[in-house]
Amino acid sequence: MAQDHSKSNGPDLAQGIALADLADGAKLVGHCGDEQVLLVRRGTEVFAIGAACTHYGGPLVDGLVVEETVRCPWHHACFDLRTGEAVRAPAFSPLACWSVEHRGDRIFVGEKRKRAAQTPGSGGAGQFAGRIVIVGGGAAGFAAAERLRREGHQGSIVMLSDDEAPPVDRPNLSKDYLAGKAPSDWVPLRRESFYAKNGIDLRLKASVADIDVRSGEVVHADGNRTAYDRLLLATGAEPVRLTIPGADQPQVHTLRSLSDCSTIIEEAETARSAIVLGASFIGLEVAASLRARNIEVHVVAPDERPMERVLGPQMGDFIRSLHEQNGVVFHLKDTATAIDGTNVQLSSGLTLTADLIVAGIGVRPRLGLAEKAGLRLDRGIMVDAFLETSAPGIFAAGDIARWPDAHSGENIRVEHWVVAERQGQTAALNMLGQREKYTAVPFFWSQHYDVPINYVGHAERWEEIAVEGDIAAKDCVLRFKRKGRTLAVASIFRDIESLKAELEMERQSAT
């Protein structure tokens, strides 16, 4: 979804604009030289920052200004207007900032401000400086390590990942990268040099066997130990594996890691047909990406409608129609019972043939370490509002964590990328002793061809779905309600409504 915002549009801000042209609370895009600059007015102050979100390049002029921050319309990243700092995932890199000068009734944008170099070990006096170990190399683990150094943590950070690759932008693996629309340099969350430069001891292919809570040590599979003063469990989830006959054949794949994605891409280069087992978000995004490669795609799932459990029947019917318009063939209320070479036998008696098979039948949280360590579990690792587990000094974040959600009033566990990143950031602050409650409203996005679906909140059950706009016209907001309260909002091309819904949920949670 990244776009090129390098073209100079709008007024030349170095030449100045009339203050009257920028009302209080308004936004305006102009340029300084070849760079796009966003002006935001808050009272008598005017801020000048980069115009494009540093995550996927979303146009911040279409976003939402909240106090002294601006939120991206695409994926709800948040930036500080005064410093340009990325204060909320999924963005991590800051925006550029420019100086602004008032001369009479006009304002002029001057030079780009220099950003102070980030140096590990510059934490404030009294801040925790002990040893931190992070188990997991996904969204939550990366976000925690990055935030620890950004906050100036002085102690060691050891990041243990059982993956072969440094942390990657996993949503891209089922979307643009799999579709062949994104280059490989989009995939890493940071270059490998980032970890050494920031004093993060990233150890790949590192298998952890146990946690010795008493001694404060992580036990590796080879018997070696790594001591910690604070520990973050961010082991994520793993794909549910097929158990039917033939599921272990080489043409049958799951998609979780960069290695998985690379293998599917390699086979897709010669494949003419594919079967996707499961109509989950991942499964349907894979289907869309393979169709972008002109591969015939059949989707097999036990559901009556795709995504009905999360998005309801109206959106489920729309998603099915959208995929069918793009050539996907559905086999719903059906399941695979056996795989024999290129043949897939279905419970209905039908046999499908394909060169490539991808199973997206769900994931399960990786709780083995927490269970062995005696941590409190309930379909996930139970954590408090600060993301600390039942063992003091041990935190959990991401797909494995079940936390007290301030908006719904329930303990929930959510398997979404942005949630994991934001929890990693909050866990980092709390490992440093800042005692910040995790109150972020859950958010995710899903991409199907040219249609993005944004979802804020969390509704495992609802009594009513209020539809505003026209789903078929790809212009809608759906509000999932229980007892008159909106628990979640799904939208298509209604970005500002999505941002406002998120803000309203945050404010409700704070009361």
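Remember, it's a predicted structure, so these values are computed and weren't measured experimentally.
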request  = Evaluate side chain to side chain contact (heavy atoms under 4.5 Å, CB included) for Met431 paired with His153, printing each intermediate quantity in order.
outcome  = CA-CA 10 Å; Met431 286 190 288; His153 173 55; over 6 Å; no
Candidate pair Tyr56 and Asp176, rule side-chain hydrogen bond (donor to acceptor under 3.5 Å, both in side chains), full reasoning = CA-CA 11 Å; Tyr56 279 3; Asp176 288 347; over 6 Å; no
inquiry  = Run Gln425 and Glu421 through side-chain hydrogen bond (donor to acceptor under 3.5 Å, both in side chains) and show every step you take.
reply    = CA-CA 6 Å; Gln425 292 178 321; Glu421 289 181 325; over 6 Å; no
key: Criterion side chain to side chain contact (heavy atoms under 4.5 Å, CB included) on Trp74 and His55, from CA distance to verdict   = CA-CA 9 Å; Trp74 285 359; His55 175 232; over 6 Å; no
task = Verify side chain to side chain contact (heavy atoms under 4.5 Å, CB included) between His76 and Val456, making sure each step is shown before the conclusion.
result = CA-CA 10 Å; His76 296 208; Val456 294; 3.5 Å; yes
inquiry  = Run Trp98 and Leu13 through side chain to side chain contact (heavy atoms under 4.5 Å, CB included) and show every step you take.
reply    = CA-CA 11 Å; Trp98 283 259; Leu13 300 178; over 6 Å; no
ask   = So Ser498 and Asp495, side-chain hydrogen bond (donor to acceptor under 3.5 Å, both in side chains) or not? Walk me through it.
value = CA-CA 5 Å; Ser498 179; Asp495 293 336; over 6 Å; no
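The side-chain heavy atoms of Cys72 and Leu60, taken from C-beta on, include a pair separated by under 4.5 Å. Taking the side chain as every heavy atom from C-beta outward, Val46 and His102 approach each other to under 4.5 Å. Looking at Met307 and Met315, their side chains never come closer than 4.5 Å, going by heavy atoms from C-beta outward. Contact check for Cys97 versus Ile49: side-chain heavy atoms found under the 4.5 Å cut-off. Under the 4.5 Å side-chain criterion, counting only non-hydrogen atoms from C-beta, Asp405 is not in contact with Glu410. Considering only heavy atoms from C-beta on, Asp303 stays 4.5 Å or farther from Glu308 through its side chain. In this structure, the side chains of Tyr438 and Val419 come closer than 4.5 Å at one or more pairs of heavy atoms. Using a 4.5 Å heavy-atom threshold, the side chains of Glu68 and Glu45 count as touching.
The neighbour count for Glu468 CD, taken as heavy atoms of other residues, nucleotides or ligands under 6.0 Å away, is above 12. In Arg309, the CZ atom is not crowded: 12 or fewer heavy atoms of neighbouring residues, nucleotides or ligands sit closer than 6.0 Å.
No donor-acceptor distance shorter than 3.5 angstrom exists from the side chain of Arg305 to the backbone of Asp317, with no hydrogens or angles considered. Between the side chain of Gln447 and the backbone N or O of Tyr449 there is at least one donor-acceptor pair closer than 3.5 Å. The main-chain N or O of Glu67 is found under 3.5 Å from a side-chain atom of Arg42 such that the two form a donor-acceptor pair. At distances below 3.5 Å, at least one donor-acceptor pair connects side-chain atoms of Ser289 with backbone N or O atoms of Ser174. Between the side chain of Asp62 and the backbone N or O of Pro73 there is no donor-acceptor pair closer than 3.5 Å. Side-chain N or O atoms of Arg413 include none that pairs as donor or acceptor with a backbone N or O of Ile400 at under 3.5 Å. A side-chain donor-acceptor contact under 3.5 Å links Gln423 to the backbone of Gly398. Of the possible donor and acceptor atoms, one in the side chain of Arg293 sits under 3.5 Å from a partner among the backbone N and O of Leu178. For the pair Glu463 (side chain) and Lys483 (backbone), a donor-acceptor distance under 3.5 Å is present. A donor-acceptor pair under 3.5 Å links the side-chain atoms of Thr389 to the main chain of Ile394, judged by distance alone.
With salt bridges taken as basic N to acidic carboxylate O contacts below 4.0 Å, one links Glu502 and Arg422. The pair Asp399-Arg170 does not meet the salt-bridge criterion, since no charged nitrogen lies less than 4.0 angstrom from a carboxylate oxygen. At a threshold of 4.0 Å, the pair Arg71-Glu506 counts as salt-bridged, since one of the basic side-chain nitrogens sits closer than that to a carboxylate oxygen.
Both the sub-6.0 Å distance and the 45° axial angle are satisfied by Arg435 relative to the ring of Phe386. By the 6.0 Å and 45° rule, Arg230 does not stack over the aromatic ring of Phe395.
One finds the CG atom of Asn326 at 10.5 Å from the CD atom of Glu324 (value rounded to the nearest 0.5 Å). Atom CG of Leu148 and atom CD1 of Ile200 lie 8.0 Å apart (nearest 0.5 Å). Put simply, CG on Asp470 and CD1 on Ile492 are 10.0 Å apart, with the number rounded to the nearest 0.5 Å. Atom CG of Leu311 and atom CD1 of Ile471 lie 9.5 Å apart (nearest 0.5 Å).
Between Arg190 and Ser93, the side chains place a donor N or O and an acceptor N or O closer than 3.5 Å (distance only, hydrogens not considered). Side-chain contact, Gln325 with Ser321: a donor N or O sits under 3.5 Å from an acceptor N or O.
The heavy-atom pair separating Pro239 from Arg256 by the smallest distance is CG-CB, 3.8 Å. Across all their heavy atoms, Ala268 and Leu290 have their closest contact at CB-CD2, 4.2 Å. Scanning both residues, Leu232 and Ala140, for their nearest heavy atoms gives CD2-O, 4.3 Å. Residues Ile412 and Ser408 share a closest heavy-atom pair of CG2-OG, 4.1 Å. When all heavy atoms of Arg147 and Val87 are compared, the closest pair comes out as NH1-O, 4.0 Å.
Ring orientation note: the planes of Tyr455 and Phe444 are close to parallel, at an angle under 30° on the 30°/60° scale. Ring geometry for His448 versus His323: interplanar angle over 60°, hence perpendicular rather than tilted (30 to 60°). Relative ring orientation between His416 and Phe281 is described as perpendicular, the plane-to-plane angle rising above 60° on a 0-90° scale split at 30° and 60°.
Outside the 6.0 Å centre-distance limit, the rings of Trp403 and His458 are not counted as a close aromatic pair.
Partner Leu233 forms a side-chain contact (heavy atoms from CB on, under 4.5 Å) with one of Ile134, Val133, Ile381 and no other, that one being Ile381.
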